[in-house]
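Quick notes on the structure that follows.
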Amino acid sequence: MYFPSLTTILLGLGIAYVGHSVWTMFDLFYPTPCDPNVSSCIKPFLARNPKLELSMFTSPRGKGATSSSMDLVWKFDNFTVGAREQRNFNISLPKKTRNNGTFFVHIFLYPQGESPFGNSRSVYQFSPLTQYSVPEAESFNLLGDNNKTNSGLSPDVPITHWKTKLAVNVMEETLLLDRYSVPGDLYRLIRLSPEGDYLPLLYIDELGQRLKDLKPVSKENRQMTLEVTYAPISVGRLRLYTNLQQSIQHLHTMGFTEKDTDELVGIFADTNFYFLAATVAVSMLHLLFDFLAFKNDISFWRNKDTMEGLSTRAVVWRCVSQIIIFLYLMDEQTSLLVLIPTGIGTLIEIWKVKKAFKVTITWNGRKPSFQLGAVSKKEQETAEFDSKAMQYLSYVLYPLCVAGAIYSLLYTPHKSWYSWVVRNLVNGVYAFGFLFMLPQLFVNYKLKSVAHLPWRAFMYKAFNTFIDDIFAFIITMPTAHRMACFRDDVVFGIYLYQRWLYPVDKTRVNEYGQSFTEDEKKTN
């Protein structure tokens with residue numbers, strides 16, 4: 001009886017998930033309209049082609065603010081739903097807000113010539129213009145203490161930050177909605193007029209308010225700049241943003257911080273929609289290849305009993321570099337969405353080092369003792385080639401690392417000495433990491449064979465490298481990390497050339513520690 005493998009099952013689940021996601025997105029952008037012949041249909045107020053005005057007020061109070069506590073900032077007289085407008089305003093901050101208080105914006109959309117307050121045809125939304133956030137640690141020149149600034153604030157105490165950007169949208173489609181099956185993501189925005197029509201759907205885009213756009217508010221900041229943008233929004237994008245905003249709030253209740261979810265928000269807020277769809281599709285392929293590479297890599301090392309033909313120093317380097325990158329991401333307070341997978345990868349690399357050196361751990365009570373396994377003659381031969389390759393590389397690597405560290409110390413500001421050490425180590429990993437891939441090429445050259453490499457896992461990783469190349473100059477990332485995507489292509493090309501150059505040696509062990517001739521003898 002045939003039982004599908006775990007890979008087949010997960011692949012099927014992945015395809016089903018992609019299909020469900022595509023159907024969900026289609027349903028968001030193309031909701032089922034109400035039949036005009038049904039009496040339960042709600043008509044849009046915009047179908048009457050009314051003349052509207054949009055006004056923006058500010059106030060230290062949010063919910064429950066009265067007209068007397070609001071200050072008019074902008075009145076958009078010649079408003080049309082399809083218009084696009086961008087304005088910059090200098091907003092005066094009251095003393096309460098400057099003393100670590102809050103501040104809100106209130107948006108009204110109402111018929112032209114009428115009052116926005118107490119109007120049954122007025123639509124209203126409000127949103128905070130401030131946010132409590134922990135200030136970023138200040139950078140300074142480590143050799144010039146006089147340049148270090150001291151704001152007198154604890155780096156762990158949240159303070160009021162100003163949101164420098166505000167986006168306001170109104171849904172432009174005039175859809176007929178069934179009052180008994182209004183989509184839940186639109187229901188909270190719907191208000192009915194005295195005639196029974198639903199009023200324009202007004203939306204304040206809080207997803208576009210990124211952490212990088214926040215500015216700390218001090219007692220000296222009597223005015224802050226606010227960039228206000230108005231644009232129409234489609235029903236699909238409105239429903240997508242509303243659902244995403246609710247998901248982000250749910251993540252916050254689960255313990256995720258604003259910084260953790262900011263990168264996720266940026267994917268939707270700072271990316272073209274069609275490019276976003278392509279990114280999601282390619283990311284699914286990336287995830288699939290990641291899983292297959294992970295599965296085959298674990299299988300390879302779990303069954304590996306000898307390091308013949310493999311560079312031990314390359315294994316150690318991958319482990320050290322992974323630890324350095326993990327510490328760097330922690331120092332930069334990177335999102336948990338990135339930090340957790342990196343931490344898991346670090347543990348796997350440590351396990352590989354244990355396998356490479358055949359480390360056994362025995363416990364004498366609470367005191368552990370470590371013992372290294374025996375080394376065969378062929379492993380010694382591989383180690384000699386490995387050592388010679390590293391000796392050649394050290395002539396180039398060490399001077400470059402020292403020169404880069406000195407330059408960074410003299411001309412680049414840092415948060416602390418620890419930050420300087422970690423940043424220079426990670427720069428060495430990114431900039432010169434490809435040099436530590438070369439010893440394996442040298443070992444292959446000396447042995448005239450590549451049969452000892454985990455080619456299946458290697459090919460999956462290569463596919464991911466090509467996917468990374470596609471988005472290297474599109475997705476925001478450090479320059480060193482961007483160049484690292486292309487350095488792997490060069491090494492991969494050389495590996496492929498060696499695979500073509502060296503014929504298959506059936507007497508040499510394969511990736512599972514077995515050879516063709518040994519299997520043939522056993523069968524005979």
Side-chain angles (χ1 to χ4, degrees), residues 55-76 85-107 125-168 204-230 252 257-262 265-266 269-270 331-333 411-420:
S55 295
M56 183 179 78
F57 297 83
T58 57
S59 173
R61 300 182 60 183
K63 187 176 181 180
T66 60
S67 58
S68 59
S69 64
M70 297 183 186
D71 295 323
L72 179 63
V73 176
W74 180 34
K75 187 176 182 181
F76 195 172
E85 192 77 15
Q86 181 174 322
R87 299 284 185 90
N88 292 319
F89 302 95
N90 291 322
I91 309 298
S92 298
L93 301 183
K95 184 177 180 180
K96 179 181 178 181
T97 303
R98 299 200 304 270
N99 291 331
N100 216 26
T102 57
F103 205 65
F104 296 84
V105 63
H106 302 262
I107 306 295
Q125 294 287 343
F126 76 95
S127 178
L129 285 177
T130 56
Q131 175 179 322
Y132 287 109
S133 181
V134 176
E136 293 185 1
E138 297 178 350
S139 300
F140 59 94
N141 193 304
L142 297 176
L143 298 181
D145 294 337
N146 294 332
N147 295 332
K148 183 177 179 178
T149 60
N150 185 11
S151 60
L153 297 173
S154 174
D156 298 326
V157 176
I159 63 173
T160 298
H161 282 67
W162 179 258
K163 299 178 181 180
T164 58
K165 294 183 178 180
L166 176 69
V168 181
I204 297 178
D205 182 13
E206 297 183 359
L207 296 179
Q209 300 168 347
R210 301 290 306 281
L211 292 181
K212 64 182 180 181
D213 298 324
L214 296 180
K215 289 187 177 181
V217 177
S218 64
K219 295 181 180 180
E220 292 76 22
N221 298 126
R222 297 185 178 275
Q223 284 189 338
M224 297 295 287
T225 302
L226 178 64
E227 179 185 289
V228 181
T229 303
Y230 169 78
H252 291 164
T257 63
E258 293 283 349
K259 189 174 183 64
D260 295 330
T261 56
D262 184 64
V265 169
D270 300 340
D331 184 61
E332 292 292 318
Q333 298 180 349
Y411 299 105
T412 305
H414 299 277
K415 301 175 185 177
S416 62
W417 285 98
Y418 172 78
S419 178
W420 171 74

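Within the 4.5 Å cutoff, no side-chain heavy atoms of Val217 are placed close to those of Ile159. Counting heavy atoms from C-beta on, the side chains of Ile107 and Ile204 come closer than 4.5 Å. A 4.5 Å side-chain heavy-atom check between Thr130 and His161 finds every atom pair outside the cut-off. The closest side-chain heavy-atom distance from Leu166 to Met56 is below 4.5 Å. Using a 4.5 Å heavy-atom cutoff, the side chains of Arg61 and Phe104 are not in contact.
The backbone N or O of Gln86 sits nowhere less than 3.5 Å from a side-chain atom of Thr229 that would complete a donor-acceptor pair. In this structure a side-chain-to-backbone donor-acceptor pair under 3.5 Å is present from Arg98 to Leu93. A distance-only check finds a donor-acceptor pair linking the side chain of Thr164 to the backbone of Asp213 [under 3.5 Å]. With Tyr132 contributing its side chain and Asn100 its backbone, the two residues share a donor-acceptor pair below 3.5 Å. With hydrogens and angles ignored, the 3.5 Å screen pairs no side-chain donor or acceptor of Asn221 with any backbone N or O of Gln223.
For the atom pair NZ of Lys163 and OG of Ser133, the computed distance is 10.5 Å after rounding to the nearest 0.5 Å. With values rounded to the nearest 0.5 angstrom, Gln131 atom CD is found 8.0 Å from Gln209 atom CD. We find the NZ-CG distance between Lys165 and Asn88 to be 10.5 Å, quoted to the nearest 0.5 Å. Between atom NE2 of residue His106 and atom CZ of residue Phe57 there is a gap of 10.0 Å, rounded to the nearest 0.5 Å. Atom OG in Ser59 sits 10.5 Å away from atom CZ in Phe126 (nearest 0.5 Å).
For the salt bridge (charged side-chain N to carboxylate O under 4.0 Å, His left out) test, residues two or more places apart in sequence or in another chain that qualify with Lys75 are Glu53.
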| request: Please lay out, stage by stage, how Val73 and Ile91 fare under the test side chain to side chain contact (heavy atoms under 4.5 Å, CB included). | output: CA-CA 8 Å; Val73 176; Ile91 309 298; 3.7 Å; yes

| field | side chain to side chain contact (heavy atoms under 4.5 Å, CB included) between Met224 and Lys215, intermediate numbers included | value | CA-CA 9 Å; Met224 297 295 287; Lys215 289 187 177 181; 4.0 Å; yes

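Under the 3.5 Å distance criterion, with hydrogens and angles disregarded, no donor-acceptor pair is assigned to the side chains of Asp71 and Thr58. Using modelled atom types, one finds a donor on one side chain and an acceptor on the other under 3.5 Å when comparing Glu206 with Ser127. Using modelled atom types, one finds a donor on one side chain and an acceptor on the other under 3.5 Å when comparing Ser218 with Glu220.
Aromatic ring pairs are classed by plane angle as parallel below 30°, tilted from 30° to 60° and perpendicular above 60°; the pair Phe89 and Trp74 is tilted.
Put simply, the residue from Leu226, Thr97, Leu214 that forms a side-chain contact (heavy atoms from CB on, under 4.5 Å) with Trp162 is Leu226.
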